[in-house]
There are 2 protein chains.
Amino acid sequence: MRSNTREWMISTAARLLQQRGYHGTSLNDILTESRAPRGSLYFHFPGGKDELVVEATRATIGQTTSLLADLLARAETPGRAVREFVEGAAEMLRRSNFALGCPVAPIILDGADASEEIKQVCREAFDAWIGLYRKAFAEAGLSPEGAETLACSVEATIEGLLLIAKAYRDVTPMLRSAVELEASVDAAIAAQAGDRAEPDGAARPAQP
Amino acid sequence: MRSNTREWMISTAARLLQQRGYHGTSLNDILTESRAPRGSLYFHFPGGKDELVVEATRATIGQTTSLLADLLARAETPGRAVREFVEGAAEMLRRSNFALGCPVAPIILDGADASEEIKQVCREAFDAWIGLYRKAFAEAGLSPEGAETLACSVEATIEGLLLIAKAYRDVTPMLRSAVELEASVDAAIAAQAGDRAEPDGAARPAQP
DNA sequence: CATATTATATAGACCGGTTGTCATATTTGC
DNA sequence: GCAAATATGACAACCGGTCTATATAATATG
């Protein structure tokens, strides 16, 4: 007896959700592609579609978080890690024929009537990613407020680049902006490292 | 006889598409909310759902494009216009209880199997918006390449900010990043205005 | 003014797809 | 060989998009 059915379903669902969002992914699609029968789904996921979606989204988010943490830990500068992450995402997008982008964006935008738990999982994803950026930026010398704001901007830019690349089915603009983003992040860090004694830590933009 | 049925349907569809994406918006929803009977749809839109979606999306895109063009024309600096645009979007998001974001993002992300024409309309939206930014940035002194790259980055950041704000149901981070974005854009323009005679116009990032 | 003709609007039937449930079969561990 | 765990596919109830037949308003025509 196949004991990995559950995992199969999760990974298939994760892939389809990433490609087509919450409403665009039907249980039939998942069952057909994972070659599992209908009833098995409700044995492994008594909560039905929403429970499966939560598990699948969590799994994808975990992978992305690990990758990002790894890149930030290894790279020479935070900006470099950001660029490498975007380049990796571009490669994934290209290889999948522009199907695989951000795992949570499609769910946030089309899953307005999805369960509250699903939305919570999506928020946790942003918490994790923005948190990693913030930590890296702060360790590189940015003020807490500057790191927070820049982290949010960086995450936003990456999300938007994935969206635009998918729309055009072309990663060229994404790669150009990635270079710019690297420079921008590292410049913001360098600038703040210069003027430590500056009095106002308020709304002053982190990028000069 | 009500002769505005068609317009009613379009505006209702536009709103719902913005909130729930392509698959998340059913004809039943549109018909119920616009208080129109079922059959009328296929009289006004013989192409069915996809034709209605195209019309509705075009309408919303047109409004956004006009607003953006207006802001860019009036504002003192391009960066200022960008900030004002983001602030306006944040206000719209807040007022609509975080339902109304970008009109094309949900369709791009969940409408993989939508008609080719729909995807084309979404691309045209980005063409228009990025084109407006590029023109404004170039007129302010940026090189063509720099303006193009920065325009794409700005559009991407705005898309991402809308997404993140919707996920958190909170526009605070969006507004903080908007201030940063204004500074970043205007700084990039000022920097390039300084070194006109620089030899390499290649992949040098526009933001110092 | 009466009638014919066209343009617009409406109601509801249709079929396929979607989710969730069930009774039953099969495997596994002991 | 037995009990628990898992697998299976048929089924019901519902919802989706599409279509056809009909009703009503607008306009033209004699």
Side-chain angles (χ1 to χ4, degrees), chain A residues 1-57 106-107 109-119, chain B residues 1-57 106-107 110-119 121:
Chain A
M1 195 187 299
R2 235 167 84 208
S3 97
N4 54 346
T5 306
R6 199 185 135 92
E7 305 309 317
W8 246 134
M9 285 179 176
I10 289 180
S11 74
T12 306
R15 184 164 37 83
L16 292 179
L17 284 167
Q18 213 167 344
Q19 300 178 199
R20 315 190 235 189
Y22 179 81
H23 288 107
T25 304
S26 79
L27 293 187
N28 280 343
D29 293 342
I30 297 170
L31 292 170
T32 305
E33 288 212 24
S34 62
R35 229 126 30 180
R38 200 157 192 73
S40 301
L41 203 153
Y42 286 83
F43 171 75
H44 291 291
F45 306 95
K49 183 179 186 179
D50 282 7
E51 186 178 342
L52 173 56
V53 170
V54 167
E55 291 295 321
T57 309
I107 296 174
L109 291 181
D110 96 323
D113 57 343
S115 79
E116 196 49 48
E117 194 184 356
I118 292 179
K119 297 184 211 160
Chain B
M1 191 188 302
R2 234 170 82 208
S3 98
N4 55 346
T5 307
R6 196 185 137 94
E7 307 309 317
W8 246 136
M9 285 179 175
I10 289 181
S11 73
T12 306
R15 184 165 37 84
L16 292 179
L17 284 167
Q18 214 167 341
Q19 300 178 202
R20 314 191 240 192
Y22 179 81
H23 287 107
T25 304
S26 79
L27 292 188
N28 279 340
D29 294 340
I30 297 170
L31 293 170
T32 304
E33 289 213 23
S34 63
R35 233 131 19 186
R38 209 162 182 67
S40 303
L41 206 152
Y42 284 83
F43 171 73
H44 292 292
F45 307 95
K49 182 180 189 179
D50 282 6
E51 187 179 341
L52 173 57
V53 170
V54 167
E55 291 295 321
T57 309
I107 298 174
D110 95 324
D113 56 345
S115 79
E116 196 49 49
E117 193 184 358
I118 292 178
K119 296 186 213 160
V121 169

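Chain letters run A, B, ... following the sequence lines, proteins first and then strands; every chain starts at 1.
Residue-level contact check: Gly48(B) touches the backbone only, with heavy atoms under 4.0 Å from sugar-phosphate atoms and none from bases.
As a whole-Å value, the separation of Ile30(B) CD1 from dG17(D) P is 8 Å. Rounded to an integer number of Å, the gap from Leu31(A) CG to dT19(C) P is 9 Å. The CZ-P distance, from Arg38(B) to dT8(C), rounds to 22 Å in whole Å. Here the P atom of nucleotide dT27(C) and the CZ atom of Phe43(A) are 16 Å apart, to the nearest Å. Remark: P of dT8(D) and CZ of Arg35(A) are 12 Å apart, rounded to the nearest angstrom. Following rounding to the nearest Å, Leu41(B) (CG) and dT8(C) (P) show an atom-to-atom distance of 16 Å. Tyr42(B) places its OH atom 17 Å from the C1' atom of dA21(D), with the value rounded to the nearest Å. Atom NE2 in His44(A) sits about 12 Å away from atom C1' in dT8(D), given to the nearest Å.
Heavy atoms only, all atoms of each residue included: Arg6(B) and Phe45(B) are closest at NH1-CE2, 3.6 Å. Shown here for Ala114(B) and Asp50(B), the closest heavy-atom pair between the two residues is C-OD2, 4.5 Å. Across every non-hydrogen atom of Ala13(A) and Ile30(A), the tightest pair is CB-CD1, 3.8 Å.
For DNA chain D, the residues of residues 15-29 of chain B within the heavy-atom distance limit of 4.0 Å (strictly under) are Thr25(B), Ser26(B), Leu27(B), Asn28(B), sorted by number.
For the pair Ser34(B) (side chain) and Trp8(B) (backbone), a donor-acceptor distance under 3.5 Å is absent. Of the possible donor and acceptor atoms, one in the side chain of Asp110(B) sits under 3.5 Å from a partner among the backbone N and O of His23(B).
The shortest side-chain heavy-atom distance between Ile107(A) and Lys119(A) does not fall under the 4.5 Å cut-off.
Side-chain N/O atoms of Thr5(B) include none lying less than 4.0 angstrom from OP1 or OP2 on dT8(C).
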